[in-house]
Amino acid sequence: MAISNTETRYGGVSKSFHWLTALLILTLIPLGLIANWLPYETDAQLAQKAWLFSLHKTLGVTAFFVALARILWAISQPKPGLLNADKPAESFAAELVHWMLYAALVIVPLSGWISHAAASGFAPIWWPFGQNLPLVPKSTGIEHIFGSLHWVATKVLALSVLLHIAGALKHHVIDRDATLRRMLPGEPVIGPLPPQHHSKTPVFAAATVWALVIAIGTVMGSGGQATGTTDTALDQVASDWIVQDGSIAITVVQFGNEVSGSFADWTAAISFDETVPSGTVGHVTTTISIPSLALGSVTQQAMGADFFDADTYATAVYDADIRHGVDGYEAAGTLTIKDRSVPLVMPFNLALNGDDAEMRADLTLDRRDFGIGDNMGDESSLAFAVKVAIKLTALRGPAQ
C-alpha cells in the first residue's frame with residue numbers, strides 16, 4: 001500500500017489517520033454521555049465518574065493532536081477526486097460534511113480543553129504537562145462559555161459523523177462505487193474520475209454553520225454564568241462598620257487536587273470599639289448566601305443535598321463576640337451551616353487607620369462537623385479539611 005495519496009486513492013497514512021480518528025470519536029461520544037449520566041452520591045460513584053471524565057478528557061486531548069496532524073498531512077497531500085463529482089448536489093453535500101468534520105475535530109476537543117483549563121479541580125487530564133493552558137485564566141465565565149460551546153459542538157460533530165457514515169453506505173450499497181473501499185486496506189480498482197468541479201462554496205457554508213454554532217454556544221454559556229449566584233441578594237444590614245470590599249474564599253481538596261471558590265453574596269453587621277482595653281470589644285454577625293458559592297467545576301455538586309443542601313438551607317451564619325486575643329483580636333462564637341451549629345474561635349489580623357479597617361483571617365474547618373459530604377467518608381475522594389480565607393475592608397460609619 002502506498003504511503004502518500006494520489007489523485008484517485010488515499011495512501012496508508014491518510015487511511016490510518018481516518019480510522020484512528022473514527023475510533024477516538026466513537027469512543028469519546030458514548031464515554032462523555034456515560035460519565036455525565038453517572039451519579040456521584042458515594043465515594044465509589046464519584047471516583048468512577050471522575051475516572052471516566054479523566055479518560056474522556058485525556059482521549060479528547062489526544063484527538064485534538066491527531067486532528068492537527070491529520071490536517072497538516074492532508075494539506076501536504078493531493079486530495080483524491082470525488083467519484084460523484086458529476087452529481088452537483090451530492091458532491092456539494094459530501095464536501096460540506098467533509099469541512100464540517102474537519103472543523104469539528106478541532107473545535108470540539110479544543111473547547112472542552114479550554115473549559116477544563118478555566119475550571120478548578122475534578123477529573124484531571126492524565127499527562128505530565130499540567131492542567132492549565134496559556135492565556136486561559138481560571139474563570140467560571142470562560143468555563144461556562146466554552147463548556148456550552150463544547151456541548152453544542154459535540155451535537156454538530158455527531159450529526160456530521162452520521163451524515164458521513166450514511167454517505168459512505170450510500171456509495172457502497174446503492175451506487176456500488178469504490179468511495180468506501182478506497183479508505184479500506186488494499187488497492188481497489190478505480191475507473192476514470194468524472195470531471196472535478198472545485199468550489200469554495202462548501203467551505204463558506206461550513207464556516208457559516210460553525211459561526212452560528214459558536215454564537216449559540218457563547219450565548220448559552222453567557223447565560224449559564226448565573227451558576228454560583230443567588231437569584232435574590234441578601235438584604236443590607238445595619239452596621240457600625242460598613243464593609244467596602246472583601247471576600248470569603250474556600251479551598252477543598254478533591255482527588256488530591258485543590259479546588260478553590262468564593263461566596264459572591266454575604267453581609268456583616270459589625271460593632272467594634274478599639275478603645276476598650278480588654279475583654280469584649282464588639283460583635284459580628286455574618287450571613288452568607290450558600291447559593292452564591294462558585295466552586296469551580298464542582299459547584300453543582302456542592303449545592304446538592306449531601307453537601308450544602310442549598311435548596312433547604314439558603315444561608316450560613318457566624319455570630320460571635322469580638323475580643324482581645326493572645327496576639328491581637330479574635331472572634332468567639334458559633335458557626336451555623338445547614339442544621340449544625342459549631343463553636344468557633346477565629347483569630348484575625350486587624351490593621352486600623354483612623355476610620356478605615358483591614359481584616360484578614362485564615363482558618364481550617366472540618367466538613368464533617370457540619371454534615372457536609374457525609375457520603376464521602378474517604379479523604380482520597382474529598383478531604384475533611386476545608387480552608388477558609390476571609391478578607392475585608394470596612395469604614396466606620398453610622399448604622400444603616
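Considering L392, D319, I248 as possible partners of T286, the one that fulfils the side chain to side chain contact (heavy atoms under 4.5 Å, CB included) test is I248. Of the options D273, D356, D355, a salt bridge (charged side-chain N to carboxylate O under 4.0 Å, His left out) to R396 is made by D355 and by none of the others.
Put simply, the side chain of P109 does not reach to within 4.5 Å of the side chain of V61, judged on heavy atoms. Side-chain contact check for L350 versus E358: every heavy-atom pair is 4.5 Å or farther apart. Between V253 and V259 the shortest side-chain heavy-atom distance does not fall below 4.5 Å. With contacts defined as side-chain heavy-atom distances shorter than 4.5 Å, the pair L55/L31 qualifies. Side-chain contact check for M100 versus V209: some heavy-atom pair is nearer than 4.5 Å.
Expressed to the nearest 0.5 Å, how far CG of L395 lies from CG of D245 amounts to 13.0 Å. Annotation: the span from S292 atom OG to D265 atom CG amounts to 5.0 Å, rounded to 0.5 Å. From L23, atom CG reaches atom CG of L59 across 9.0 Å, with rounding to the nearest 0.5 Å. F92 contributes atom CZ, which lies 6.5 Å from atom OG1 of T201 (distance to the nearest 0.5 angstrom). Note that CD1 of I290 and CD1 of I337 are 6.0 Å apart. Values are rounded to the nearest 0.5 Å. Summarising the geometry, atom CG belonging to D306 is positioned 4.0 Å from atom CG belonging to N375; distances are rounded to the nearest 0.5 Å.
Checked by atom type and distance alone, the side chain of S14 never pairs as donor or acceptor with a backbone atom of G11 at under 3.5 Å. Remark: the backbone N or O of D378 is paired with a side-chain donor or acceptor of D43 at under 3.5 angstrom. Not a single donor-acceptor pair under 3.5 Å links the side chain of S341 to the backbone N or O of T334. A donor-acceptor pair under 3.5 Å is absent between the side-chain atoms of S247 and the main chain of A249, judged by distance alone. K57 contributes no side-chain N or O that, together with a main-chain N or O of P124, makes up a donor-acceptor pair within less than 3.5 Å. Remark: side-chain polar atoms of R367 are paired, donor with acceptor, to backbone N or O of G373 under 3.5 angstrom. Side-chain atoms of Y318 come within 3.5 Å of backbone N or O of L344 as a donor-acceptor pair. At least one donor-acceptor pair under 3.5 Å links the side chain of H150 to the backbone N or O of V108. Side-chain atoms of Q77 never come within 3.5 Å of backbone atoms of I75 as a donor-acceptor pair (strictly under, hydrogens ignored). In this structure, T6 contributes its side chain and T8 its backbone to a donor-acceptor pair below 3.5 Å.
For the ring pair (Phe, Tyr, Trp, His ring centres under 6.0 Å) condition, no pair includes a residue of residues 273-309, sequence neighbours left out. Sorted by first then second residue, the ring pair (Phe, Tyr, Trp, His ring centres under 6.0 Å) pairs that include residues 337-387, not counting sequence neighbours, number zero. The side-chain hydrogen bond (donor to acceptor under 3.5 Å, both in side chains) analysis of residues 94-107, with sequence neighbours excluded, yields the pairs K79-E95. The salt bridge (charged side-chain N to carboxylate O under 4.0 Å, His left out) analysis of residues 382-391, with sequence neighbours excluded, yields the pairs E258-K387.
Linking Ile, Leu, Val, Met, Phe, Trp and Tyr residues whenever their side-chain heavy atoms come within less than 4.5 Å leaves L193 and L82 in two separate clusters. No continuous path of ILVMFWY side-chain contacts below 4.5 Å connects Y313 to L293, so the two sit in separate hydrophobic clusters. L163 and V213 are not part of a single hydrophobic cluster, where members link through side-chain heavy atoms under 4.5 Å apart.
When every heavy atom of S239 is checked against every heavy atom of A268, the shortest pair comes out as OG-O, 3.7 Å. The two residues L52 and A35 come nearest to each other via the heavy atoms CB-CB, 4.0 Å. Taking all atoms of both residues into account, the shortest heavy-atom contact from H116 to I125 is CD2-CD1, 3.6 Å. Contact record, P347 with A361: O-CB, 3.7 Å, taken as the closest heavy-atom pair. Minimum interatomic distance between G217 and V152 (heavy atoms only, all atoms of both residues): CA-CG2, 4.2 Å. Across all non-hydrogen atoms, the minimal contact from S115 to E143 is OG-O, 3.0 Å.
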Could you please spell out the steps behind the side-chain contact (heavy atoms from CB on, under 4.5 Å) verdict for I214 and L149?
-> CA-CA 6 Å; I214 291 172; L149 174 57; 4.0 Å; yes

Apply the test side-chain contact (heavy atoms from CB on, under 4.5 Å) to residues L133 and I114: give CA-CA distance (whole Å), side-chain angles for both, the deciding distance (0.1 Å), then the verdict.
-> CA-CA 7 Å; L133 277 174; I114 293 174; 4.0 Å; yes

Chi angles and distances behind the side-chain contact (heavy atoms from CB on, under 4.5 Å) call for I322, T280 | CA-CA 6 Å; I322 302 173; T280 300; 6.0 Å; no

Please assess L46 against Q301 for the test side-chain contact (heavy atoms from CB on, under 4.5 Å), listing each intermediate value before the final yes or no.
-> CA-CA 10 Å; L46 182 60; Q301 179 186 358; 3.7 Å; yes

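Between R323 and D321, no side-chain nitrogen of the basic residue sits less than 4.0 Å from a carboxylate oxygen of the acidic one, so the salt-bridge criterion is not met.
Listed by chain and residue number, L105 satisfy the side-chain contact (heavy atoms from CB on, under 4.5 Å) test with A67 (two or more places apart in sequence, or in another chain). The ring pair (Phe, Tyr, Trp, His ring centres under 6.0 Å) check on H164 picks up H18, with sequence neighbours excluded. The salt bridge (charged side-chain N to carboxylate O under 4.0 Å, His left out) search around D311 returns none, not counting sequence neighbours. Under the rule for a salt bridge (charged side-chain N to carboxylate O under 4.0 Å, His left out), the partners of K170 that lie at least two apart in sequence or sit in another chain are E90, D175. R182 pairs by the salt bridge (charged side-chain N to carboxylate O under 4.0 Å, His left out) definition with nothing, not counting sequence neighbours. The ring pair (Phe, Tyr, Trp, His ring centres under 6.0 Å) test applied to F272 returns Y329, not counting sequence neighbours. Residues that satisfy the salt bridge (charged side-chain N to carboxylate O under 4.0 Å, His left out) test with K87, not counting sequence neighbours, are absent from this structure. Listed by chain and number, the residues in a ring pair (Phe, Tyr, Trp, His ring centres under 6.0 Å) with W113 are F64, F65, W127 (sequence neighbours excluded).
Within a 6.0 Å sphere centred on CG of L135, heavy atoms belonging to other residues, nucleotides or ligands number 12 at most. Residue R360 places its CZ atom among 12 or fewer non-hydrogen atoms of other residues, nucleotides or ligands, all under 6.0 Å distant.
Between the side chains of T312 and D309, at least one donor N or O sits under 3.5 Å from an acceptor N or O. For the residue pair T287 and T315, no side-chain donor N or O sits within less than 3.5 Å of a side-chain acceptor on the partner.
Under the 6.0 Å distance and 45° angle rule, K49 does not count as a cation-pi partner of W51.
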